[in-house]
Protein chains: 2
Amino acid sequence: MKPTLRAVAEAVGVSRSTVSNAYGRPDQLSPQLRQRILETARQMGYPGPDPTARSLRRGFVGAIGVLFTSRLSYAFTDPFAVRFLTGVAEAAERHDSNLLLVPLPDDAVGARTAVENAAVDGFCVYCAGDEEGILDTIRGRGLPFVTTSSRPRADDLWVGIDERAAARSAATHLTALGHRRVALLGHDVLPDAPAGPLRVDDVADVPHPTTRDRLAGFADAFAAAGVAWSDLTVLTATDNTRVAGAAAVRSLPSLPEPPTAVLACSDVLALGALDVLRPDGEPGPRVSVTGFDDIAEAEAAGLTTIRQPGEAKGRSAATLLFDPPVDAAAGQILLPTTLVVRSSSGPAPRS
Amino acid sequence: MKPTLRAVAEAVGVSRSTVSNAYGRPDQLSPQLRQRILETARQMGYPGPDPTARSLRRGFVGAIGVLFTSRLSYAFTDPFAVRFLTGVAEAAERHDSNLLLVPLPDDAVGARTAVENAAVDGFCVYCAGDEEGILDTIRGRGLPFVTTSSRPRADDLWVGIDERAAARSAATHLTALGHRRVALLGHDVLPDAPAGPLRVDDVADVPHPTTRDRLAGFADAFAAAGVAWSDLTVLTATDNTRVAGAAAVRSLPSLPEPPTAVLACSDVLALGALDVLRPDGEPGPRVSVTGFDDIAEAEAAGLTTIRQPGEAKGRSAATLLFDPPVDAAAGQILLPTTLVVRSSSGPAPRS
DNA sequence: TTGAAAGCGGTACCAC
DNA sequence: GTGGTACCGCTTTCAA
């Protein structure tokens with residue numbers, strides 16, 4: 001068993017407070033005494049104050065939690081998520097804080113427990129499925145948090161983009177190119193739906209807030225071009241990954257009237273769609289595909305997409321957490337997006 | 001202030017133990033009582049047992065730490081590191097554990113403090129600069145850990161590759177192609193050295209263990225081909241990033257006798273070198289470049305490199321941490337590597 | 001099934 | 001500059 005601070009105190013013949021001060025407040029005791037304490041501590045193999053005990057007493061931990069929906073390993077599967085994390089890490093570092101990555105199980109109770117058990121000083125919520133349930137749990141703990149989802153309460157800290165408007169701009173780009181028969185691709189559009197086309201009566205039924213907003217934005221543009229929601233094909237992918245994106249569009253070409261374009265809710269999905277719909281060197285008319293995020297791979301693939309600032313999103317989120325602004329208005333940061341047109345989108349073929 | 005378990009106990013009129021059991025050991029009390037407790041707790045806004053206090057009492061945290069040299073945000077800068085993390089995350093998840101990302105400051109005392117203050121049950125050490133100092137600190141805390149560096153002690157848990165042999169195979173590939181005048185590129189080859197060529201009297205002087213082993217491996221192959229260490233150009237990059245790689249090779253072409261090949265210690269460095277030495281479409285003789293890791297970008301760039309299994313490395317490391325094998329021999333896992341030849345390497349031009 | 005009491009390892013306020 | 005002394009909030013024998 002490792003010796004405790006107490007044991008060191010006894011060995012040196014001073015009080016526990018003094019030993020504690022030797023570590024945490026060097027200026028509270030004479031250098032000689034401090035030296036003597038540190039020396040005996042070393043000899044005894046005392047590893048220094050226990051982090052957990054210290055946290056308990058001090059009332060803060062020195063780490064912030066990042067909450068991810070679905071499995072933690074997925075967090076690294078989407079380059080955009082990695083960029084977000086990079087930004088968070090950067091800010092955390094500046095504040096001498098560690099980062100606790102917390103995977104959220106799919107079930108509500110599991111997620112609740114995960115949030116309740118995380119030893120952190122606050123949370124960055126990245127794209128949680130059951131957003132509201134999670135946020136309530138965090139509020140219950142009385143911890144500060146920052147959301148990146150699309151529907152913040154007025155008094156929540158938030159950093160994000162105008163999802164709907166951004167999505168609309170991508171869709172408008174396609175309507176301008178003449179596309180009218182299109183497919184919208186998102187992940188987890190409806191709970192437990194198998195990959196591929198599915199029927200969605202109302203966008204509002206889509207539980208995942210980001211997916212919902214983006215789909216709604218797509219729909220806005222098509223409505224403006226005279227295409228009703230019910231005329232759009234909705235595709236769901238089982239994950240937000242490239243392979244899932246590919247799987248989701250597999251059946252498209254064999255539809256009676258195949259869409260001339262696919263609008264994806266993320267670049268990874270879009271790239272998967274490209275893998276299937278525009279394999280290298282294939283001749284003939286090509287389906288247009290657009291993505292969302294503008295990850296690094298998008299450029300090489302020539303993917304038309306919506307660019308949003310990933311690192312900045314993470315950095316702003318963490319900064320908001322560490323230095324909450326005094327007035328509520330400054331607690332909501334809207335980041336800009338840009339439509340980046342590349343070769344994956346083109347005019348609709350004459351029908 | 002949030003109510004405590006104590007307050008709940010008083011409110012319900014039971015002992016603290018009973019309330020504690022209501023959360024952690026449902027079978028220790030009657031369902032009715034438990035229900036009553038949980039209900040009052042909810043009404044009072046009690047968020048459940050405090051994670052820190054629980055950890056202190058129980059003696060374990062439910063999180064493992066991942067140690068990174070240099071700034072934490074760099075952790076995400078190298079795709080190979082991300083793959084490693086993915087593997088760790090996967091295993092951690094399976095063991096219901098969170099991941100604490102711990103950035104290690106460059107200075108020894110800072111690093112020491114970071115390790116001492118991390119509230120975790122064990123560490124995965126990913127490529128730490130002052131490896132030994134760090135490991136000693138961890139040992140001091142009495143926590144289990146897994147290394148991925150190249151010089152494990154016999155009783156340490158370790159997962160890695162044969163760095164030197166792998167590097168040699170890349171270099172042998174180049175000697176076979178006739179290259180004799182080459183440059184070796186690593187990051188932080190010597191402390192605080194500026195980017196570019198530098199003089200290294202002895203490979204053993206290189207502090208970073210991985211860089212050292214890989215350089216040594218390169219040298220092995222050239223020695224076998226009759227090229228002495230002193231005839232090799234050594235380049236250092238200031239970081240393990242693409243831009244740093246580019247900066248490091250900038251001066252190469254203007255040397256009196258420019259090398260015909262660059263062997264980099266990582267893919268990101270190699271890609272940076274390619275950016276400078278083989279810009280798209282440039283005519284004329286081209287410098288050969290090899291990398292290390294085989295990250296996703298390597299394929300698209302046609303980079304000849306050494307492939308090592310990133311996720312498996314992370315997964316094995318974490319698994320070793322969670323389920324330490326009984327016999328020491330099983331605690332050291334050697335992963336395979338492969339030379340992947342692509343278009344970035346070719347025959348040396350006649351001199 | 002429930003309660004009492006003893007910590008887990010420290011920190012910080014306040015006297016001396 | 002140093003020591004005394006309450007806690008921080010919970011878990012866990014062990015006895016009732």
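Chain identifiers are assigned alphabetically (A, B, ...) following the order of the sequence lines, protein sequences preceding nucleic acid strands; residue numbering begins at 1 within each chain.
Contact annotation: Ser55(A) side-chain N/O to dG10(C) OP1/OP2 distance is not under 4.0 Å. Taking side-chain N and O atoms only, Arg16(B) has no distance below 4.0 Å to OP1 or OP2 of dC10(D). Side-chain N/O atoms of Arg25(B) include one lying less than 4.0 angstrom from OP1 or OP2 on dT12(D). Distances shorter than 4.0 Å separate none of the side-chain N or O atoms of Arg6(A) from OP1 or OP2 on dG9(C). Considering only side-chain N and O atoms, Thr18(A) lies under 4.0 angstrom from the phosphate OP1 or OP2 of dG3(D). Here Ser30(A) reaches the OP1 or OP2 of dT2(D): one of its side-chain N or O atoms lies under 4.0 Å away. For Tyr23(A) and dA12(C), the shortest distance from a side-chain N or O to OP1 or OP2 is not below 4.0 Å.
For Leu320(A) against Gly331(A), the heavy-atom pair with the smallest separation is CD2-O, 3.5 Å. Closest non-hydrogen pair, Ile64(B) versus Ala92(B), comes out as CD1-CB, 4.4 Å.
What separates NZ of Lys2(B) from P of dG9(D) is a distance of 13 Å, to the nearest Å. The CD atom of Glu116(A) sits 17 Å away from the P atom of dG9(D) (whole-angstrom rounding). One can place CZ of Arg54(A) at 18 Å from P of dG9(D), the figure rounded to the nearest angstrom. Rounded to whole Å, atom C1' of dT12(D) lies 13 Å from atom CG of Leu5(B). Residue Asn21(A) contributes atom CG, which lies 15 Å from atom P of dC14(C) at whole-angstrom precision. The CZ-C1' distance, from Phe60(A) to dA12(C), rounds to 14 Å in whole Å. At whole-Å resolution of the value, CD1 in Ile37(A) and P in dG3(D) are 8 Å apart.
If you check every strand for non-hydrogen atoms under 4.0 Å, Tyr46(A) touches sugar and phosphate atoms only. Here Leu56(A) lies in heavy-atom contact (under 4.0 Å) with a base. At the heavy-atom level, Val19(B) lies nowhere under 4.0 Å from the strands shown.
A donor and an acceptor atom, one from each side chain of Glu39(A) and Gln35(A), are nowhere located under 3.5 Å apart.
Between Gln28(B) and Arg58(B), the residue anchored closer to the 5' end of DNA chain C is Gln28(B), taking for each the nucleotide with the nearest heavy atom.
Across dT5(D), dA5(C), dT2(D), the shortest atom-to-atom separation from the side chain of Ser17(B) is found for dA5(C). Across dT2(C), dG9(C), dT11(D), the shortest atom-to-atom separation from the side chain of Arg57(B) is found for dT11(D). Looking at the side chain of Ser15(A), the nearest of the listed nucleotides dG4(D), dG9(D), dG3(C) is dG4(D).
Note: Phe84(A) and Phe76(B) fail the aromatic proximity criterion, with ring centroids not under 6.0 Å apart.
Rounded to the nearest 0.5 Å, atoms CZ (Phe145(A)) and CG (Leu67(A)) are 11.0 Å apart.
For the pair Ser316(B)/Thr319(B), no side-chain contact is recorded, criterion being any heavy-atom separation below 4.5 Å from C-beta on.
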